[in-house]
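In this chain, numbering begins with 1 at the start of the sequence shown.
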Amino acid sequence: MAIHPRYASLLFGVILSAVMVTIVSGTVLALNQGITPDFLPRWAKSFASTFPIALPTVLVVAPIIRRLVCRLAGQ
């Protein structure tokens, strides 16, 4: 399934945000509260509350970081 190239940046942001939030929220939850029988529902709640913050952040910050890296790398 291919998407139109116009939406590549949006798809990148969605995937990056989802992966980042999954890893970070799970790690923080496990470190702070341990892995208990209700870990997965708490993780899902943590994901659901942080993904709406992470997605717009990535969509705004990623292009800025790309330009900065290109500048620093002399491209």
Side-chain angles (χ1 to χ4, degrees):
M1 176 176 114
I3 64 161
H4 193 279
R6 174 184 345 169
Y7 302 111
S9 292
L10 178 62
L11 182 59
F12 172 83
V14 170
I15 292 171
L16 178 63
S17 297
V19 170
M20 179 182 64
V21 169
T22 299
I23 293 168
V24 172
S25 65
T27 302
V28 170
L29 188 61
L31 290 173
N32 288 331
Q33 298 182 11
I35 298 180
T36 60
D38 66 337
F39 178 79
L40 289 179
R42 287 187 297 125
W43 192 1
K45 183 177 178 182
S46 177
F47 178 92
S49 64
T50 54
F51 184 73
I53 297 166
L55 179 59
T57 301
V58 166
L59 293 177
V60 169
V61 173
I64 297 167
I65 299 300
R66 280 190 196 120
R67 286 193 297 273
L68 176 63
V69 167
C70 286
R71 194 173 298 151
L72 292 172
Q75 296 178 350

All heavy atoms of Arg42 vs all of Gly34, minimum pair found to be NH2-O, 3.5 Å
In short, Pro52 meets Ala48 closest at the heavy-atom pair CD-O, 3.1 Å
The reported gap from CG in Leu11 to CG in Leu16 (rounded to nearest 0.5 angstrom) is 11.0 Å
Query raised in the report: Shared ILVMFWY cluster between Val28 and Ile53, side chains joined below 4.5 angstrom?
Result: no
message: Are Phe51 and Val24 linked, directly or through intermediate hydrophobic residues, by side-chain heavy-atom contacts shorter than 4.5 Å (ILVMFWY only)?
response: no
Should Pro63 and Arg67 count as side-chain neighbours, where that means a heavy-atom distance under 4.5 Å? yes
How are the rings of Tyr7 and His4 set relative to one another: parallel (under 30°), tilted (30 to 60°) or perpendicular (over 60°)? perpendicular
* Asked: Between the main-chain N or O of Ala18 and the side-chain N or O of Thr22, is there a donor-acceptor pair closer than 3.5 Å?
  -> yes
In this structure, CH2 of Trp43 is separated from CD1 of Ile35 (nearest 0.5 Å) by 8.5 Å
What one should report as the nearest heavy-atom pair of Ser25 and Thr50 is CB-OG1, 4.5 Å
Hydrophobic cluster membership, Leu59 vs Val14, 4.5 Å side-chain cutoff
yes
* Asked: Would Leu40 and Val19 show up in the same hydrophobic cluster when neighbours are defined by side-chain heavy atoms closer than 4.5 Å?
  -> no
Taking C-beta and beyond as the side chain, do Leu68 and Ile64 meet within less than 4.5 Å on heavy atoms?
no
When every non-hydrogen atom of Val21 is compared with those of Ala54, the smallest separation belongs to CG2-CB, 3.3 Å
